[in-house]
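Being a predicted model, the structure only gives us computed values, none of them experimental.
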Amino acid sequence: MQLIKSHNVLIYANVESVLRRTTGAAPTSMRNGIPNLSALQAFEASARLGSFSRAAEELALTHSAVYRQVASLEARLGVQLFTRVRRRIVLTDHGAEYAGRIRHHLDQIEKDTFGLVSHTGMGRGIHIAVVPTLATTWLIPRLAAFQRQHPDITVSLSARTLPFQFKDHPFDAALYHGDGLWPGTQGALLFAEGELVPVCAPALADGAKARGGTLALPHLHLASRPDSWRRWYEANQLPYGPHAAGGPRYELFSMVMAAVQAGLGVGLIPRFLARPALDAGTLAMPVPYALAVPQGYFFCYPQTDERSEALRVFESWLKAEAATP
């Protein structure tokens with residue numbers, strides 16, 4: 001077993017089977033058959049990021065160190081993994097296949113190691129996938145209380161905005177927005193989103209309503225919910241025209257919030273997320289109209305896996321927090 005530190009997690013690796021399937025060569029021994037793990041990480045990061053320089057930044061190495069690791073891996077395998085065109089690198093067909101397999105195994109190694117650590121005297125840890133805005137505005141501010149109650153449990157968070165299959169990712173559970181539990185999972189609805197409300201900077205609120213009901217401000221849109229403004233206008237029986245349909249698109253609610261606070265326009269925000277700023281007077285609702293949202297925030301984990309004690313403790317705490325007004 002070989003241990004290294006990657007992304008603040010101790011991981012161990014056995015990639016013999018990957019080499020057999022990808023190169024067709026059986027290693028002569030365990031030590032000689034496995035490429036240097038640092039070289040595998042350098043290759044995977046370079047393949048994923050499309051750049052030796054960006055891989056070097058992620059791994060806290062120099063550009064030349066990453067280049068040498070990848071070159072030594074190619075020499076050891078006898079396979080060209082990248083083609084180099086001036087300053088660009090492009091995966092070869094063999095390189096793309098190998099990168100996908102190595103990435104899968106590194107992810108699985110990380111997940112296995114979290115599980116190993118949680119079942120030993122080294123402490124208990126869980127890795128949760130979360131939607132970014134809910135994590136930064138709702139979950140993380142509450143985690144200090146959890147850590148005081150359970151100092152032996154380490155909660156790691158990674159941002160994910162799209163559904164995924166747990167078998168392909170190193171997560172114990174997920175906290176996400178949706179219509180229900182994902183297939184093959186179990187868990188619970190933590191709370192309904194409730195409604196979206198229009199908010200803007202207080203200085204823009206006066207006179208924001210134009211004749212005919214259209215808000216006379218640039219409309220800020222969330223890219224993952226492109227029809228929210230249209231639905232808001234329809235629900236409140238107001239005319240939805242080109243002015244409302246226009247405006248910039250943002251990937252996250254936190255970006256919409258920041259743009260609203262910067263005075264860039266009016267955005268639709270979940271009321272529970274906007275409430276602290278509305279109560280503090282740093283944001284304002286130009287009109288008292290809302291849009292009811294049927295979706296909610298769910299917490300789920302694989303149906304086939306036995307939950308660790310740490311995950312059961314975290315789920316119990318999470319449900320209690322979600323039930324607190």
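Val287 and Leu238 fall within the same hydrophobic cluster, where Ile, Leu, Val, Met, Phe, Trp and Tyr residues are linked whenever their side-chain heavy atoms come under 4.5 Å apart, directly or through other members. Cluster annotation: Val256 and Val293 are assigned to the same hydrophobic cluster (Ile/Leu/Val/Met/Phe/Trp/Tyr, side-chain heavy-atom contacts under 4.5 Å, transitive). Hydrophobic clustering of Ile, Leu, Val, Met, Phe, Trp and Tyr side chains at less than 4.5 Å, counting indirect connections, keeps Val90 apart from Leu81. Phe82 and Leu49 fall into different hydrophobic clusters, where Ile, Leu, Val, Met, Phe, Trp and Tyr residues are linked whenever their side-chain heavy atoms come under 4.5 Å apart, directly or through other members.
For Gln237, the CD atom is loosely surrounded, since the number of other residues' heavy atoms within 6.0 Å does not exceed 12. Around atom CD of Glu234, more than 12 heavy atoms belonging to other residues, nucleotides or ligands sit under 6.0 Å away.
The structure places CG of Leu189 at 10.5 Å from NZ of Lys319, a figure rounded to the nearest 0.5 Å. Taken to the nearest 0.5 Å, the OG1 atom of Thr324 stands 7.5 Å off from the CZ atom of Arg142. To the nearest 0.5 Å, the span separating OG on Ser51 from CZ on Arg88 amounts to 11.0 Å. Residue His105 holds its NE2 atom at 12.5 Å from CD of Glu44, rounded to the nearest 0.5 Å. The structure places CD of Glu321 at 10.5 Å from OG of Ser316, a figure rounded to the nearest 0.5 Å.
Every residue two or more places apart in sequence or in another chain that forms a side-chain contact (heavy atoms from CB on, under 4.5 Å) with Ser224 is listed here: Leu222. With sequence neighbours left out, Arg160 forms a salt bridge (Lys or Arg N to Asp or Glu O under 4.0 Å) with no residue at all. Checked against side-chain contact (heavy atoms from CB on, under 4.5 Å), Asp279 has the following partners two or more places apart in sequence or in another chain: Arg275.
Two residues are said to be in side-chain contact when any heavy atoms from C-beta on lie closer than 4.5 Å; His221 and Tyr250 fail this criterion.
Checked against a 6.0 Å centroid threshold, the rings of His150 and Phe146 count as neighbours.
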inquiry  = Evaluate Trp138 against Phe272 for ring pair (Phe, Tyr, Trp, His ring centres under 6.0 Å), listing each step before the verdict.
reply    = CA-CA 9 Å; Trp138 185 85; Phe272 81 94; 7.7 Å; no
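A donor-acceptor pair under 3.5 Å is formed between the side chain of Arg249 and the backbone N or O of Gly247. Side-chain atoms of Ser254 never come within 3.5 Å of backbone atoms of Thr133 as a donor-acceptor pair (strictly under, hydrogens ignored). Under the 3.5 Å distance criterion, the side-chain polar atoms of His169 are left unmatched by any main-chain donor or acceptor of Lys167.
What you find for Val266 and Pro286 is that their closest heavy atoms are CG2-CG, 4.2 Å.
Ion pairing of Glu58 with Arg54 is absent here, as no side-chain N (NZ or NE/NH1/NH2) approaches a carboxylate O to less than 4.0 Å.
Between Trp182 and Phe166, the ring planes lie tilted relative to each other; the angle falls in the 30° to 60° range.
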